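Every value quoted in this text rests on a predicted model; they were computed, and no experiment measured them.
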2 protein chains.
Amino acid sequence: MKEGKPATIKEIAKRLKISPSTVSRALNDHPSIGLVTTMRVKKVAAELNYEPNQTAIFFKQRKTFTIGVVLPSLSEPFFSAAISEIENVAHEKNYTVIMGQSLDDADREFRILQTLKTHRVDGVLMSIGKNTQDYQFVELLKGAGIPIVFFDCVPDLDNIHTVVSDLETGMLEAIDMFVSCGHHAISLINGPARLPASIERRNAYCKGLEKCNIPFREEYVVNTDLTSEGNESAILQLLALPDRPSAVVSFNDYVALDVMMIVRQRGLTLNQDIHFISYANYPLWKYMENPPMASIEQFPGDQGRKAAELLFELIQTPERTDPVKIVFKSSLINQA
Amino acid sequence: MKEGKPATIKEIAKRLKISPSTVSRALNDHPSIGLVTTMRVKKVAAELNYEPNQTAIFFKQRKTFTIGVVLPSLSEPFFSAAISEIENVAHEKNYTVIMGQSLDDADREFRILQTLKTHRVDGVLMSIGKNTQDYQFVELLKGAGIPIVFFDCVPDLDNIHTVVSDLETGMLEAIDMFVSCGHHAISLINGPARLPASIERRNAYCKGLEKCNIPFREEYVVNTDLTSEGNESAILQLLALPDRPSAVVSFNDYVALDVMMIVRQRGLTLNQDIHFISYANYPLWKYMENPPMASIEQFPGDQGRKAAELLFELIQTPERTDPVKIVFKSSLINQA
DNA sequence: CTGTTAGCGCTTTCAG
DNA sequence: CTGAAAGCGCTAACAG
């Protein structure tokens with residue numbers, strides 16, 4: 001019951017003593033083909049177990065119905081959530097998804113993009129790695145006519161399409177919440193200082209303090225390289241302060257997990273001696289005995305979905321000139 | 001600086017007044033082409049910014065250098081870990097990866113497989129959904145000459161290649177550990193009764209008790225449908241028992257999270273009144289104040305890597321007849 | 001060492 | 001409404 005070579009249009013044609021072109025048209029429900037022949041063709045096609053050779057079609061149509069997704073990591077929950085929604089959108093549109101992870105390695109990232117280009121994907125969705133400095137690939141893909149939408153971690157360029165989250169809104173809410181709970185010694189454990197994501201957080205933090213008329217104190221902002229050691233030394237800096245903060249916003253949940261553990265080990269009581277809010281990238285706080293007061297949610301799934309939808313629009317309307325910039329507001333979610 | 005149409009071999013040939021085949025050969029470093037012409041060809045190719053049209057090559061070679069990966073979910077940590085390693089292996093081999101998630105929907109799963117087939121992927125890696133009953137797709141792909149390797153959740157068929165974890169080894173270790181800590185009232189919170197994964201756990205559990213000379217008690221095995229409500233009712237059943245168990249092995253970490261929370265709410269003290277070990281699918285226990293005593297680890301990354309490596313072997317040696325069955329031992333990891 | 005020719009499977013003018 | 005023929009870009013016999 002196995003057919004070595006799958007049936008082709010030609011064979012169907014031969015069987016029916018009609019021309020291949022007619023078969024092709026019939027199969028594609030071309031209006032100018034008689035109903036009867038169309039039926040006969042489809043019948044034989046079914047009998048022969050015909051399956052169109054997509055590689056031939058891709059080749060002919062210069063379209064692959066495939067999009068590429070390039071992310072720093074495929075296993076990080078934030079990106080997993082995004083991926084999952086991206087796949088859903090693609091599935092709805094009858095597209096397939098090729099994935100690659102850069103692991104924050106700029107060379108690997110570049111190689112993946114190259115591969116996607118040679119595979120002639122119809123579009124690319126991308127979140128750049130932390131070490132990516134060189135954005136020449138943008139021109140590369142543009143030259144190849146492949147639309148690209150950046151999301152979450154995006155290059156600092158004007159003429160590109162981006163979907164990002166506004167880290168400010170959530171930060172303002174967080175500081176408001178702290179203040180309304182009576183805190184005024186509010187600190188920020190930030191990521192690596194030059195990271196755009198860190199700069200945004202810092203700016204938002206300053207703005208939040210200002211809105212609440214709390215003076216900014218440089219020693220209340222500490223940085224971590226996001227390793228456990230870095231997180232530890234960051235929180236220790238704060239704890240060593242003569243007037244240590246009673247409230248802390250942290251770069252993300254991983255940082256929060258680490259620093260909250262240290263705080264506990266030091267004999268302080270969470271949500272009493274010291275309070276935390278963090279940017280969310282990890283979902284299971286509800287099971288913790290002492291979760292942070294709240295999390296700043298960035299909705300990775302929604303971002304991924306939106307980015308994918310935008311990409312499909314661009315694929316359908318290739319000649320869009322104006323860069324689209326979509327911003328998702330981050331917002332506070334209670335945990336406690 | 002944009003070239004509407006990318007350069008083709010023909011144009012290079014024309015420029016150099018040689019034949020396309022020579023160009024093709026030169027570009028592929030065919031040994032029978034003179035070094036000088038090879039150089040000249042490559043130079044012009046570079047000038048013209050030539051890029052081979054992969055879709056044409058795929059079409060011609062009947063090979064796509066692409067593998068398909070079909071999983072129940074792209075966002076579950078267990079699968080994310082596997083995906084990440086699969087992508088690594090593929091990247092090493094210069095392959096690309098197409099991903100699809102079935103969301104445990106058998107129809108969607110089937111459609112994805114169809115798509116992969118029409119996309120002419122060179123091989124498929126798959127973990128089947130919970131509701132998949134019909135394995136006809138196995139024959140479908142076999143008929144198309146596409147090798148397939150199943151991992152983690154695999155169909156109950158003989159003539160297929162599989163990579164799975166042996167749930168027994170970890171269970172035996174778990175029960176040993178409980179017993180050596182003085183427990184004899186050891187319970188199992190299992191998943192849906194008919195799920196192969198549940199049956200295996202149950203069998204392993206029975207075997208473990210037997211090895212330790214502990215009589216099996218039917219009421220110590222309860223089932224959950226893996227929803228929070230199901231988990232809750234499962235643990236409540238156990239707690240309501242006249243001699244409630246002091247030790248529990250749970251189906252997976254999500255179940256453990258839920259039931260441990262309930263236990264706490266009921267005023268019991270974890271790791272004192274009642275002890276837990278669960279099959280791991282979630283990594284962050286170290287941050288919990290009261291983690292389970294231990295976890296039974298299944299090494300999703302290793303499994304994914306192994307499955308991918310096996311698939312690439314099969315792609316290179318298409319005429320393998322004997323089904324390969326690889327088993328990973330699960331094993332206990334201390335958490336406390 | 002290089003050129004000629006044919007063809008992968010499909011779509012698509014252009015003629016009837 | 002249908003057929004003939006050309007061609008997408010590349011590779012690979014088969015000749016020289």
Taking R305(B) first and then E87(B), would you say they form a salt bridge - that is, a charged N and a carboxylate O separated by under 4.0 Å?
no
Quick one: is K60(A) getting a side-chain N or O under 4.0 Å of the dC8(C) phosphate, OP1 or OP2?
no
Can R15(A) and E11(A) be counted as an ion pair, charged N to O under 4.0 angstrom?
no
Tell me which residues in residues 34-45 of chain B lie within less than 4.0 Å of DNA chain C, going by non-hydrogen atoms.
G34(B), T37(B)
Please check: side-chain N/O of D104(A) versus main-chain N/O of K130(A), any donor-acceptor pairing under 3.5 Å?
yes
Any residue in residues 18-27 of chain B with a heavy atom nearer than 4.0 angstrom to DNA chain C? Just list them by number, or reply none.
I18(B), S19(B), S21(B), T22(B), R25(B)
Just the rounded figure in Å: distance from C1' of dT11(D) to NZ of K10(B).
14 Å
Figure out the CG/P separation between D29(A) and dT2(D), and round it to whole Å.
14 Å
Show me the donor-acceptor pairs within less than 3.5 Å that the side chains of residues 150-158 of chain B make with the rest of the protein, sequence neighbours left out.
none

Quick one: I12(B) CD1 to dT11(D) C1', roughly how many Å, whole number?
15 Å
Test of understanding: with side chain to side chain contact (heavy atoms under 4.5 Å, CB included), list the residues that count as partners of R111(A), not counting sequence neighbours.
D107(A), R108(A), H91(B)
Base, sugar-phosphate, or nothing: which does T8(A) touch, judged by heavy atoms less than 4.0 Å apart?
sugar-phosphate
Starting at NZ of K17(A) and ending at C1' of dG3(D), how long is that distance when rounded to a whole Å?
16 Å
Has F59(A) got its ring stacked on the base of dC8(D), with centres under 5.5 Å and planes less than 30° apart?
yes
F58(A) near the nucleic acid: base, sugar-phosphate alone, or nothing, with a heavy-atom cut-off under 4.0 Å?
nothing
Starting from P on dT11(D), measure out to NZ on K63(B) and report it in whole angstrom.
15 Å
N28(A) vs dT11(C): side-chain N/O to OP1/OP2 distance below 4.0 Å:
yes
Could you state the CG-P distance from N53(B) to dC8(C), rounded to the nearest angstrom?
18 Å
Check the distance between dC8(D)'s P and I57(B)'s CD1 and give it to me in whole angstrom.
16 Å
According to side chain to side chain contact (heavy atoms under 4.5 Å, CB included), who are the partners of E139(A), at least two apart in sequence or on a separate chain?
K142(A), N159(A)
So, using side chain to side chain contact (heavy atoms under 4.5 Å, CB included) as the criterion, who are the partners of V327(A) when residues are at least two apart?
V164(A), D166(A)
Anything under 30° is parallel, anything over 60° is perpendicular, the rest tilted; go ahead and classify F58(B) against F65(B).
tilted
Does a salt bridge link K42(A) with E47(A), judged by any charged N lying under 4.0 Å from a carboxylate O?
no
From the candidates dT12(C), dC1(D), dC10(D), the one with an atom nearest any side-chain atom of P52(B) is dC10(D)
Nucleotide dC10(D), atom P - distance to CZ of R120(A) in whole Å
8 Å
